[in-house]
Amino acid sequence: RAALAITIRPTSAEPVAMDVAWTMSPRSQALQIATLRPELELEFTGPDTAIAGDSTTFAVEVANPGSADAHDVVVELATMAGQSETVPLGTLAAGEARRFQIEVTDLPAGLTELAATVWARDGLRQEALQSITVSQATLVVEALGPPAKSAGREAAYIVRVENTGSAAAEDVLLTAALPDGVAATN
């Protein structure tokens with residue numbers, strides 16, 4: 001409560017009209033409200049080349065650089081060939097990062113693209129792509145020699161093996177199965 005005391009001295013016999021006006025201004029106050037929200041970052045790395053049939057390992061790192069926890073986090077790795085692997089991570093705390101490896105087998109020969117996708121509740125989503133060239137050995141076997149030979153006479157045949165693929169063929173064993181009544185002479 002406040003009061004204003006005024007002392008006056010009238011200078012005439014007339015009634016004194018005193019107007020009193022007042023105003024009031026509210027105090028202003030600024031509020032700063034922190035907004036918390038999760039964020040996702042995804043790093044997906046692996047080799048540039050592989051051999052068909054071999055296992056290939058890729059490294060995945062998922063981070064939450066945001067200011068709130070990311071819930072229901074899931075990572076999926078998918079290949080052009082329709083293979084996929086899903087890794088549930090659960091909750092990723094603010095500032096937390098997780099690293100893991102995914103092993104992929106049976107990649108098709110040629111240039112293949114793999115996609116790693118991470119998503120979480122509230123529509124959070126990130127994707128990273130990795131291209132890999134998959135080489136494969138392709139063996140072509142050809143038998144050369146006369147199509148017919150008289151009984152009791154020798155015939156020479158050559159079995160030729162050629163690798164027309166893009167990868168070295170390892171541990172190749174070539175055997176020739178001879179039919180009954182035929183014997184090898186060398």
Worksheet item: Counting N and O atoms only, with roles assigned by atom type, does the side chain of Asn64 sit under 3.5 Å from a partner on the main chain of Glu39, one being a donor and the other an acceptor?
Response: yes
Worksheet item: Among side-chain atoms of Glu76 and Thr117, is any donor-acceptor pair under 3.5 angstrom?
Response: no
Discussion item. Do Phe58 and Thr45 make a side-chain contact, defined as non-hydrogen atoms from C-beta onward lying under 4.5 Å apart?
Written reply: no
Discussion item. Within the 4.5 Å heavy-atom criterion, are Glu113 and Leu111 side-chain neighbours or not?
Written reply: no
Worksheet item: Is there a side-chain contact between Gln130 and Asp48 (heavy atoms, below 4.5 Å)?
Response: yes
Worksheet item: Tell me, do Val118 and Val74 make a side-chain contact under 4.5 Å, heavy atoms counted?
Response: no
Worksheet item: Quick one: do Glu162 and Arg160 make a salt bridge, cutoff under 4.0 Å?
Response: no
Worksheet item: Tell me, do Leu114 and Phe44 make a side-chain contact under 4.5 Å, heavy atoms counted?
Response: yes
Fill in: Distance-only side-chain donor-acceptor flag, Glu103 / Ser55, under 3.5 Å
yes
Discussion item. Within the supplied structure, the quantity of interest is the number of heavy atoms (other residues, nucleotides, ligands) at a distance under 6.0 Å from Glu142 CD; does it exceed 12?
Written reply: yes
Fill in: Exceeds 12 heavy-atom contacts within 6.0 angstrom, atom CG of Leu178
yes
Item to complete: Examine distances only and state if a side-chain atom of Ser166 and a backbone atom of Gln136 form a donor-acceptor pair shorter than 3.5 Å.
Response: yes
